[in-house]
Amino acid sequence: MLGPDRTEVSKNISLDTKLVHVGSRPAEQQGFVNPPLYRGSTALYTTVAEMKESTSNSLRKKIPAYGRFGTPTSRAFEEAMTELEGGFDAISTGSGLAAITTAILAFVESGDHILVTDSVYQPTRNFCESLGRMGIETEYYDPGIGAAIVAKFRPNTRFVFLESPGSNTFEVQDVPAIARACQTAGILTLIDNTWATPLFFRPLLYGVDVVVHSATKYITGHSDSFLGVIVANEKTFGPLRSSAIRMGQSAGADDTYFGLRGLRTLATRLHQHERQALSLAEWLGDRPEVGSVLHPALPEHPGHALWKRDFTGSTGLFGVSLKPKYEMSNVHSMVEGLNLFGLGHGWGGFESLIVPVESHRFLREGPLLRIHVGLENIDDLKADLLQGLNSLS
Ligand SMILES: *Cc1c(COP(=O)(O)O)cnc(C)c1O
């Protein structure tokens with residue numbers, strides 16, 4: 001039986017079960033299974049001594065404090081994410097991109113060199129470009145580099161930033177090989193784990209130091225909120241928390257509540273996204289209009305072996321490239337003519353989306369589309385895409 005403090009659940013319990021109970025303390029909230037939603041800037045201290053203690057060491061996240069440093073609601077979400085990723089502690093931020101920029105700025109200074117995967121989420125890349133103004137050099141490496149990353153290390157290399165699979169082009173990285181090479185060289189590793197969520201990949205267990213998420217996507221899961229989270233190991237938590245506090249990064253009360261609530265159904269939703277996306281990916285692979293399907297769980301995907309070794313599942317987001325004979329302009333009309341697939345950013349919600357993608361990593365091949373498979377009936381989704389593909393010729 002679960003104790004009154006449900007965060008102390010046994011270590012060898014499965015992730016699906018943990019998702020249901022992490023960060024929940026019914027005994028401290030009059031028996032209610034969900035924590036109350038705390039809205040607040042000011043929190044009152046009972047003594048000056050308590051106030052001084054609370055403000056002297058912000059790393060301890062002691063409550064009460066000023067609301068920007070956290071509330072019981074954000075603490076519950078952070079506790080849950082820490083437990084799920086197997087980390088030391090976590091920091092919630094107002095968006096996924098804020099989690100990324102806060103994590104990067106925690107570790108760099110003028111004169112540093114950072115290595116970033118060439119398949120990185122474009123806004124992360126835009127931010128790294130802006131670091132040039134502060135004297136920080138970003139070098140992009142091929143996501144397939146693996147242990148050969150060592151050849152790129154310089155005395156001033158601060159960290160390697162990974163994302164697997166890559167945004168839009170879905171290359172799978174050899175995360176353990178890169179993490180090992182970095183550990184040996186004393187270089188930090190940061191990874192964007194938004195695609196997999198901790199349910200399907202847990203990078204800290206493979207030696208990565210810092211995991212960032214856009215919880216806006218699958219974790220909140222309903223396209224109604226912005227939320228980011230940084231999960232750190234013991235060595236990196238201090239600098240990360242200081243960075244967040246210095247820059248005023250914090251997450252909204254409702255959003256952290258939605259993050260925690262989203263975790264309760266994450267396994268159910270992701271297993272369904274996974275089944276539906278695989279079914280659609282296989283179906284697309286057999287279509288004459290399609291050149292290739294970029295889905296790591298398909299055996300023909302170049303990253304399949306690595307995915308199979310390290311991940312425990314796949315989610316609803318994948319790519320499809322059409323035959324080179326099709327023009328992007330035809331593809332635009334096709335996408336605009338679909339009924340169930342929406343044209344929009346911000347995947348990870350309940351609904352299906354499709355976007356044409358222009359990637360510098362995908363130049364000589366046919367038009368590329370990124371598909372998010374939602375929770376609609378799969379036959380309806382196939383019928384919608386079929387009329388779209390038919391409209392191409
Ligand atoms: C959407 C996304 C982000 C940014 O998250 P926001 O919450 O939109 O700021 C970061 N990384 C990846 C891989 C994403 O897809």
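Order of appearance sets the numbers: ligands from 1, and atoms from 1 within every ligand. Not measured: the values here are computed from a predicted model. Throughout, residue positions are numbered sequentially from 1 according to the sequence presented.
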Have a look at ligand 1 and work out which part of [X], if any, has a heavy atom under 4.0 Å from it: side chain, backbone, both or neither.
X	result
His345	neither
Ser167	side chain
Ile100	side chain
Trp347	side chain
Leu97	both

Nearest neighbour of atom 6 (P) of ligand 1 from the list Gly166, Gly96, Ala215, on a heavy-atom basis: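 Ranked by closest heavy atom to atom 6 (P) of ligand 1, first place is Gly96.
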Where the side chain of Ser74 meets the backbone of Gly70, is there a donor-acceptor pair that is under 3.5 Å apart?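 Absent.
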For the residue pair Ile219 and Arg269, what are the closest heavy atoms and their distance? O-NH2, 3.4 Å
Which atoms of ligand 1 sit under 4.0 Å from any heavy atom of Asp192? 10 (C), 11 (N), 12 (C), 13 (C)
Test of ring centre spacing under 6.0 Å for Phe200 and His271: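 Yes, the ring of Phe200 comes within the 6.0 Å limit of the ring of His271, centre to centre.
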Nitrogen or oxygen of Phe226 less than 3.5 angstrom from that of ligand 1: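 N/O-N/O distance below 3.5 Å does not exist for this pair.
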Look only at interatomic distance and state if Glu163 has a nitrogen or oxygen under 3.5 Å from any nitrogen or oxygen of ligand 1. no
Distance from [atom] to nearest protein heavy atom, with residue and atom:
atom	result
atom 7 (O) of ligand 1	Thr216 OG1, 2.6 Å
atom 5 (O) of ligand 1	Ser214 OG, 2.9 Å
atom 2 (C) of ligand 1	Lys217 NZ, 2.5 Å

Parallel under 30°, tilted from 30 to 60°, perpendicular over 60°: which one fits the rings of Phe107 and Phe159? perpendicular
Give me the ring orientation class for His372 and Trp347: parallel if the planes are under 30° apart, tilted from 30 to 60°, perpendicular past 60°.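 Tilted, since the angle between the ring planes falls between 30° and 60°.
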Before accepting this row, confirm whether a basic side-chain N of the pair Asp174/Arg309 lies closer than 4.0 Å to the acidic partner's carboxylate O. yes
Going by an N to O cut-off under 4.0 Å, is there a salt bridge joining Arg154 and Glu137?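 Salt bridge flag = yes for Glu137 with Arg154.
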Just verifying a value: how many Å separate Asp379 CG and Asp384 CG, rounded to the nearest 0.5 Å?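 These two atoms lie 12.5 Å from each other.
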